[in-house]
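What follows is one structure encoded as structure tokens, with my remarks underneath.
For ligands, and for the atoms within them, numbers begin at 1 and follow the listed sequence. Here, residue 1 is the first one in the sequence, and each next residue gets the next number.
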Amino acid sequence: MNWNQLIEQTLDMTRANVSRFQTGFPHVSQGDGKYQLVEHTDWTEGFWSGILWLSYEYSKDEAIRQVAAAATATFQERLAMQSHLEHHDIGFLYLLSTGAQWIVEQDEAARKSTLEAADLLLTRWRPTARILQAWGPEGDEINGGRIIIDCLMNLPLLYWASEQTGDPRYADIARIHAEQSQRFLVRGDGSSYHTFYFDTSTGDAVRGGTHQGFRDGSTWTRGQAWGIYGFALAYRYFRDAAFLDTSKRLARYFIEHLPEDQIAYWDFDAPQKESEPRDSSASAIAACGVLELAEHLPADDSDRAELLTFAERSVAALAKHCFSGATNGESEGEGFLRHGSYYVRGGIAIDDYVIWGDYFFLEALMRLAHGIPGYWFERGR
Ligand code: GLY
């Protein structure tokens with residue numbers, strides 16, 4: 001597979017999308033192949049700025065850099081207004097915008113905003129339950145003691161803040177949250193709960209459940225993929241072999257439960273049959289997570305070669321079955337990856353474009369072709 005040719009095609013699509021989207025941020029499509037645009041009201045805006053920074057890093061196209069910087073400035077306004085930030089996805093938002101700008105151009109204002117974002121994420125720390133609360137305000141009746149597996153991808157903001165400031169508090173809290181996630185979200189067979197509830201007054205573990213999965217106790221494929229990648233990143237920071245082992249167990253479960261064509265269905269416990277929706281974004285995230293995981297395994301690790309082959313095969317399968325781009329420039333829709341699914345039981349964006357699927361597809365290509373690993377950690381660490 002020619003990764004660079006695919007990257008060039010995404011670049012053409014991104015240039016076309018820049019003129020389409022203007023100041024809007026693509027979120028998901030709903031049946032018509034066109035992205036719905038949001039403006040700092042959701043958890044997904046960072047994926048568009050992330051695509052822009054990756055595209056700039058690859059192309060060095062000054063026009064793209066300017067769009068990336070302008071988009072990133074709006075994240076600073078959002079932070080100043082504290083608008084729609086009462087949730088844990090501050091990591092997704094700020095690692096891929098101001099965090100990316102810091103990594104790419106050492107912009108001091110971007111660094112400062114990223115640190116402010118980390119401080120905001122810390123306000124979600126609930127010491128009795130020893131968790132970062134995912135959703136809703138403190139004391140929320142339903143969500144007050146709830147974690148979700150996706151949060152593992154927000155924790156790198158806290159690792160980064162500890163490195164930048166020398167203050168261990170950010171990473172200490174992130175580590176406790178990662179350990180709670182490891183203990184309560186990951187099951188013995190390497191599958192995972194999407195969410196878990198704790199009693200906020202006693203800290204007791206209550207039960208696992210789901211939000212976007214097939215049922216409580218099922219393994220939602222995107223959650224599993226967040227876990228693969230998130231625990232591999234926890235290993236990169238803490239060098240604790242237990243995190244690497246957890247990432248590997250989640251990866252093995254993911255790989256062993258995929259259909260023949262490698263594109264994950266939306267939940268491993270939903271019927272694995274053609275009429276059921278896929279979630280191509282889960283496959284793209286898992287590919288990036290496995291590339292991160294494999295990087296930490298010694299050359300003689302018996303699983304390393306198999307994991308690398310899996311990642312390459314997945315990206316090739318996404319290119320074959322899901323990629324909208326065309327070499328003649330006539331792409332099929334606005335997104336890179338068809339067959340993403342956001343919230344199947346909720347009826348939102350099923351078999352559609354989802355912007356995070358596009359981001360992780362591009363990150364996987366960048367990792368494979370150029371060793372550019374996205375913006376989850378400082379380069380060279
Ligand atoms: N983090 C939300 C999702 O994956 O849908």
For Trp220, the ligand 1 atoms with a heavy-atom partner under 4.0 Å come out as 3 (C), 4 (O), 5 (O)
For Gln212, the atoms of ligand 1 under 4.0 Å from one of its heavy atoms are 3 (C), 5 (O)
Sorted by chain and residue number, the side chain to side chain contact (heavy atoms under 4.5 Å, CB included) partners of Ala311 (sequence neighbours excluded) come out as Val290, Leu291
Atoms of ligand 1 under 4.0 Å from any heavy atom of Tyr342, numbered from 1 in the order shown, are 5 (O)
task: May I ask whether Trp356 places a heavy atom under 4.0 Å from ligand 1?
output: no
Tell me if the centroids of the rings in Phe268 and Phe254 come within less than 6.0 Å of each other. yes
Pair Tyr159 + Phe377: ring centers closer than 6.0 Å: no
So the atoms of ligand 1 within less than 4.0 Å of a heavy atom of Asp150 turn out to be 1 (N), 2 (C), 3 (C), 4 (O)
Subject >> Arg187 NZ/CZ over Tyr193 ring centroid, <6.0 Å and within 45° of normal >> reply: yes
Can you find a non-hydrogen atom of Trp43 under 4.0 Å from ligand 1?
yes
min-distance protein heavy atom vs atom 5 (O) of ligand 1 -> Arg222 NH2, 2.6 Å
With Lys60 as the cation and Tyr56 as the aromatic partner, state whether NZ or CZ is under 6.0 Å from the six-membered ring centre and within 45° of the axis. yes
So, is the end of the Arg175 side chain (NZ or CZ) under 6.0 Å from the ring centre of Phe238 and within 45° of the ring's axis? yes
